[in-house]
Protein chains: 2
Amino acid sequence: MEPRGRVTITDVARAAGVSVATVSKVINDRYGVAASTAEHVRSVIADMSYESSLVARSLRSQRTGVIGILLAEFEPFSTELLKGLAAATAGSGYELLAWSGGGGPDGHVGWERRSLAQLSGTLIDGAVLITPTLVVPDAGIPVVAIDPHAGSESNPSVDSDNLAGAASAVEHLIALGHRRIGFLGGRPDLESARLREEGYRRTLAAAGIALDPDLVRVGGYRPETADAPAHELLTLPDPPTAIFATNDLSAIRTMQVAQSLGLRVPEDLSVVGFDNVPESALCTPQLTTVSQPLHRIGREAMEMLLTLLRGEAPAETHRRLPTELVVRASTRAL
Amino acid sequence: MEPRGRVTITDVARAAGVSVATVSKVINDRYGVAASTAEHVRSVIADMSYESSLVARSLRSQRTGVIGILLAEFEPFSTELLKGLAAATAGSGYELLAWSGGGGPDGHVGWERRSLAQLSGTLIDGAVLITPTLVVPDAGIPVVAIDPHAGSESNPSVDSDNLAGAASAVEHLIALGHRRIGFLGGRPDLESARLREEGYRRTLAAAGIALDPDLVRVGGYRPETADAPAHELLTLPDPPTAIFATNDLSAIRTMQVAQSLGLRVPEDLSVVGFDNVPESALCTPQLTTVSQPLHRIGREAMEMLLTLLRGEAPAETHRRLPTELVVRASTRAL
DNA sequence: CTGTTAGCGCCTTCAG
DNA sequence: CTGAAGGCGCTAACAG
């Protein structure tokens with residue numbers, strides 16, 4: 001009906017011949033409106049296909065009925081989590097809003113604090129932070145972190161058993177006869193990266209293998225940042241026969257770098273990843289990796305947040321879920 | 001510094017001993033503030049780690065610098081597109097916001113109109129709609145649709161060659177010797193579903209195979225809605241030897257239903273899907289499917305939207321990208 | 001039962 | 001160069 005731009009509550013009020021307040025009452029089913037008036041207003045609303053502005057409503061009211069998923073970028077790890085998070089939201093009455101903090105590629109530390117400040121108190125009632133770079137201070141709304149920056153002293157969180165997961169990856173390589181095992185680490189700001197390195201070190205030590213510092217590099221969890229260190233590892237005078245890359249994206253990139261150097265995987269180089277994102281099964285050769293239960297992590301994080309939003313105390317504020325080694329085609333006995 | 005809840009511009013102004021207006025000017029780099037004052041205000045802002053509320057800012061200003069991706073739910077198809085959309089946004093100066101319209105599971109027709117009305121004009125400067133259920137009227141902001149409801153008369157859009165894609169799937173099955181080929185259709189409100197059915201019908205006709213109406217069912221593109229029709233097809237007195245399910249999720253579910261009925265895939269039943277989402281390579285057996293270039297679709301849709309946002313006219317308002325048959329392990333010669 | 005009055009947090013004239 | 005006033009669209013008191 002109404003052509004130009006947005007239809008506002010004022011337009012509706014004028015068209016219906018009532019005040020703005022009355023329209024608002026009708027929309028929100030508040031008492032004190034004659035049935036006939038309400039009826040009439042409703043029909044005008046339908047006619048004009050009016051929908052109240054989320055922004056204006058949020059600004060005024062406390063509750064918005066929206067949960068924010070704050071992530072650095074839309075990459076496979078985050079989008080897998082999204083599926084689990086979304087599944088757990090169904091039927092809760094909350095809408096889901098995924099917000100890419102812009103910090104993105106540069107990995108600007110603090111993106112989650114900025115994003116949270118921009119959205120909390122106004123647009124969202126609660127938030128799930130995916131791989132935050134720091135412990136966020138009280139944001140005034142319930143917050144749950146997935147794969148967080150720090151340990152158990154901080155915000156409620158869900159992660160998987162990174163230590164045991166890394167150990168299983170390295171044990172697998174050792175069992176295949178590998179002794180020179182390269183390590184491509186993750187984002188130093190994340191606890192997961194620290195624990196995966198710790199798992200690597202301990203497992204080598206337990207097997208009586210001396211750690212060669214030359215074989216330990218920082219990959220940053222992203223293809224672009226993993227490229228150079230992977231290349232360095234593979235062009236060492238005495239290169240590793242296997243590499244444990246601590247997430248799938250960097251593992252896949254490592255395989256590509258190896259192939260570009262004329263190395264065959266797994267004949268000349270074994271590679272193990274971490275995460276088990278769908279992409280790990282789509283590359284050639286298919287990647288051996290440590291599986292994290294990503295959907296379940298998302299689901300449990302959302303359940304924790306919903307509990308918090310209900311004003312209840314969650315059974316546990318830190319959930320740690322098990323990992324599992326998935327052996328595919330990128331590893332092979334020496 | 002400031003403990004309780006959000007820090008507002010008023011808090012900053014008070015702490016800095018200036019007016020709200022001055023703080024606003026500093027934030028937005030507007031003329032008319034003494035260098036020393038600006039400096040001071042900036043330091044207070046940093047101290048209090050103040051961040052202006054997206055909501056309040058949006059309400060007041062025209063431009064928000066945010067692009068909305070509106071989707072019915074976070075399932076594999078949408079999240080794959082998200083990766084491409086996000087990649088194309090990098091460096092554009094826009095932030096990305098993915099909004100799940102709530103209509104979700106029930107597939108409530110019109111979710112995108114509602115979502116758009118709620119967000120446009122206030123929160124987002126432009127939008128990409130994923131599988132909208134109808135042609136959206138002028139929303140006052142640029143809108144691009146992916147896999148749209150209707151044909152070329154409507155909004156700018158990007159999709160893939162559904163007709164040719166469906167044909168390639170059915171031709172593949174015919175080449176394998178199949179004659180009784182079941183069809184599990186998609187969402188009737190989408191053009192893609194119509195075109196895929198058309199491709200199925202034409203290809204059968206071209207091969208001189210009479211169409212058995214009993215073999216044509218509506219699967220709705222979702223696992224839950226595909227379950228029953230798949231079951232019906234497989235328990236027919238004269239069941240099909242192959243099924244073309246028009247998206248991967250329903251194809252995967254079809255394989256599960258078959259297995260639950262004691263049928264082996266591909267020995268007893270061949271199955272072809274559509275989309276080539278990552279999940280299609282993760283199931284057992286791996287799914288033969290028609291690949292859509294999902295990342296590229298997302299990228300091109302975003303580029304089109306960015307062009308529109310710049311106020312320019314896009315080279316073409318309807319992009320149709322090629323599909324490709326990916327033969328894996330779920331199909332076999334009769 | 002209805003309309004008027006105040007803001008939510010912010011930005012933008014427009015006086016001082 | 002700075003602050004006071006008005007209003008974005010909406011909801012929540014309070015009067016009438």
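Hydrogens, waters and symmetry mates are skipped; everything else that's a heavy atom, side chains included, is used. Sequence lines set the chain letters: A, B, ... in the order given, protein chains first and strands last, and positions in each chain run from 1. What you are looking at is a predicted structure, and each value in this text was computed from that prediction instead of being measured.
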Point to revise | For atom CG of B/D11 and atom P of C/dG9, their distance in whole Å | key: 8 Å
Practice item. With sequence neighbours left out, write down each residue that passes side chain to side chain donor-acceptor pair (under 3.5 Å) with B/R57, or none if nothing qualifies. Key: B/S52
Taking distance alone, no hydrogens or angles, what donor-acceptor pairs closer than 3.5 Å link side-chain atoms of residues 300-316 of chain A to residues at least two apart or in another chain?
from: A/E300; atom 1: OE1; to: A/R319; atom 2: NE; distance (Å): 2.6
from: A/E300; atom 1: OE1; to: A/R319; atom 2: NH2; distance (Å): 2.8
from: A/E300; atom 1: OE2; to: A/R296; atom 2: NE; distance (Å): 3.1
from: A/E300; atom 1: OE2; to: A/R319; atom 2: NH2; distance (Å): 3.1
from: A/T307; atom 1: OG1; to: A/E303; atom 2: O; distance (Å): 2.8
from: A/R310; atom 1: NH1; to: A/E312; atom 2: OE1; distance (Å): 3.2
from: A/E316; atom 1: OE2; to: A/R319; atom 2: NE; distance (Å): 3.4
from: A/E316; atom 1: OE2; to: A/R319; atom 2: NH1; distance (Å): 3.0

Study note, to complete from the structure: Residues at least two apart in sequence or cross-chain that pass side chain to side chain contact (heavy atoms under 4.5 Å, CB included) with A/A15, listed by chain then number, are A/V44, A/M48
Practice item. Starting from P on C/dC8, measure out to CG on A/L59 and report it in whole angstrom. Key: 9 Å
Practice item. Specify the residues of residues 24-44 of chain A, ordered by number, for which at least one heavy atom lies under 4.0 angstrom from an atom of DNA chain C. Key: A/K25, A/G32, A/V33, A/A34, A/T37
Check your understanding: First contact, last contact: which nucleotides of DNA chain D are these for chain A, 5' to 3', heavy-atom distance under 4.0 Å?
Key -> D/dG9 to D/dA12
Exercise for review: Report the residue (B/S61 or B/A21) whose heavy-atom-nearest nucleotide on DNA chain D is the more 5′ of the two.
Suggested key: B/A21
Practice item. State which residues pass side chain to side chain donor-acceptor pair (under 3.5 Å) with A/S61; sequence neighbours excluded, sorted by chain then number. Key: none
Study note, to complete from the structure: Residues at least two apart in sequence or cross-chain that pass side chain to side chain donor-acceptor pair (under 3.5 Å) with B/T89, listed by chain then number, are none
Practice item. Return each pair, listed once, that meets side-chain hydrogen bond (donor to acceptor under 3.5 Å, both in side chains) where at least one residue sits in residues 29-40 of chain A; pairs must be two or more places apart or across chains. Key: none
**Study point:** C/dT2 phosphate, OP1 or OP2, under 4.0 Å from A/S19 side-chain N/O
**Key:** no
Exercise for review: Return yes if some donor-acceptor pair links the side-chain N/O of B/D125 with the main-chain N/O of B/G65 below 3.5 Å, else return no.
Suggested key: yes
Exercise for review: Could you identify which residues of residues 51-58 of chain B place a heavy atom less than 4.0 Å from some atom of DNA chain D, listed by residue number, or say none?
Suggested key: none
Review point. Of all residues at least two apart in sequence or in a different chain, which pass the side chain to side chain contact (heavy atoms under 4.5 Å, CB included) check with A/A87?
Key: none
Review point. Under the side chain to side chain contact (heavy atoms under 4.5 Å, CB included) test, which residues partner B/A193, sequence neighbours left out?
Key: B/Y221
Check your understanding: Can A/S157 and A/H318 be counted as having a side-chain donor-acceptor contact under 3.5 angstrom?
Key -> yes
Exercise for review: Have a look at B/V18 and say if it touches a base, only the backbone sugar-phosphate, or nothing, with a 4.0 Å heavy-atom cut-off.
Suggested key: sugar-phosphate
Check your understanding: Among all residues two or more places apart in sequence or in another chain, which pass the salt bridge (Lys or Arg N to Asp or Glu O under 4.0 Å) test with B/E112?
Key -> none
Check your understanding: What is the distance from CZ of B/R14 to P of C/dC10, rounded to the nearest Å?
Key -> 12 Å
